[in-house]
Amino acid sequence: MKLTKIAALAVCAATFWGCTQAEITQPPVLVTPNNAADAVGLDVYARPRSRGNPVPAFRGQNTVQVRTFGPTSDGGRAELSGVQCALDSGVYKATFATPANVVVPDYGPNSPALFVRCTHNDTSGSVTATTVNLTAQQRNASAAGTGLLGAIIIGAVNEANRDNLNDDFGYNPIVVQLRN
């Protein structure tokens, strides 16, 4: 039996995260604009856009899951809960404890990179997450079970059909690895 790319990713994720993930019990965390005078709600570019400035188009909101993994008292590694983190995009920020769902504005392919830094006891870690084309990821996942030639053909067709104006963009789940 052949493992498809999706199945392989699921196996990797299950191995990496273990069979169970910590439950996210807190409400979604909203980001805070760095310049509140330019923001309307979650849209940090609303006022500059209304003045005709060339800023990214607001498409709504996305939810980004953030989790932390680090050393345990028994010498292993596992998901850690209650780890304090700070997220910064340059135009908005948030502080929260993991695991968390963070609500961020959606600017499509112009969404900023997210820098997340977490600290817990004597460990810390950081990661930068960039926006990804979720529509293309979904198309590519569909092509994974078609074999090599099918995947190449579908990949070429998908690339030709890419549309930054209409495709959905967002962030993959963010995993911060804590180290000493």
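Nothing fancy with the numbering, it's 1 onward along the sequence. Side chains are part of it too, since the values below use all heavy atoms of this structure and drop only hydrogens, waters and symmetry mates. It should be emphasised that the depicted structure is a prediction, and the values quoted were computed from it without experimental measurement.
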Nearest-0.5 Å distance that lies between atom [atom1] in [X] and atom [atom2] in [Y]:
| X | Y | atom1 | atom2 | value |
| --- | --- | --- | --- | --- |
| Asn166 | Thr135 | CG | OG1 | 9.0 Å |
| Ile174 | Phe115 | CD1 | CZ | 11.0 Å |
| Ser126 | Gln177 | OG | CD | 11.5 Å |
| Phe169 | Asp106 | CZ | CG | 9.5 Å |
| Cys118 | Gln84 | SG | CD | 9.0 Å |
| Arg51 | Asp38 | CZ | CG | 5.5 Å |

Test salt bridge (charged side-chain N to carboxylate O under 4.0 Å, His left out) on Arg59 and Asp168 and set out the steps. CA-CA 9 Å; Arg59 295 182 173 193; Asp168 290 328; 5.5 Å; no

Determine yes or no for a side-chain-to-main-chain donor-acceptor pair under 3.5 angstrom, with [X] supplying the side chain and [Y] the backbone.
| X | Y | answer |
| --- | --- | --- |
| Thr123 | Asn180 | no |
| Thr98 | Ala100 | no |
| Gln65 | Val102 | no |
| Arg77 | Leu178 | yes |
| Arg67 | Ala22 | yes |
| Thr128 | Leu114 | no |
| Asn53 | Val55 | no |
| Arg47 | Val40 | no |
| Gln61 | Asp43 | no |

Closest non-hydrogen atom pair, Pro33 against Val44: CB-CG1, 3.7 Å

Closest contact, heavy atoms only, Ser111 versus Thr131: O-CG2, 3.9 Å

Is it true that Tyr45 and Tyr107 have ring centroids separated by less than 6.0 Å? yes

Starting from the C-alpha separation in whole Å, work towards a yes-or-no answer on side chain to side chain donor-acceptor pair (under 3.5 Å) for Thr72 and Asp74. CA-CA 5 Å; Thr72 59; Asp74 64 0; 2.3 Å; yes

Any side-chain heavy atom of [X] sitting closer than 4.5 Å to one from [Y]?
| X | Y | result |
| --- | --- | --- |
| Pro112 | Val91 | yes |
| Val103 | Val29 | no |
| Cys85 | Val83 | yes |
| Val31 | Pro105 | yes |
| Thr63 | Pro28 | no |

With clusters defined by side-chain heavy atoms of hydrophobic residues (ILVMFWY) lying less than 4.5 Å apart, directly or transitively, does [Y] cluster with [X]?
| X | Y | value |
| --- | --- | --- |
| Ile24 | Leu80 | no |
| Val132 | Val104 | no |
| Val175 | Tyr171 | no |

Once side-chain contact (heavy atoms from CB on, under 4.5 Å) is applied, do any residues pair with Asn34, and if so which ones, sequence neighbours excluded?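 So Asn34 forms a side-chain contact (heavy atoms from CB on, under 4.5 Å) with Asp88, Lys93.
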
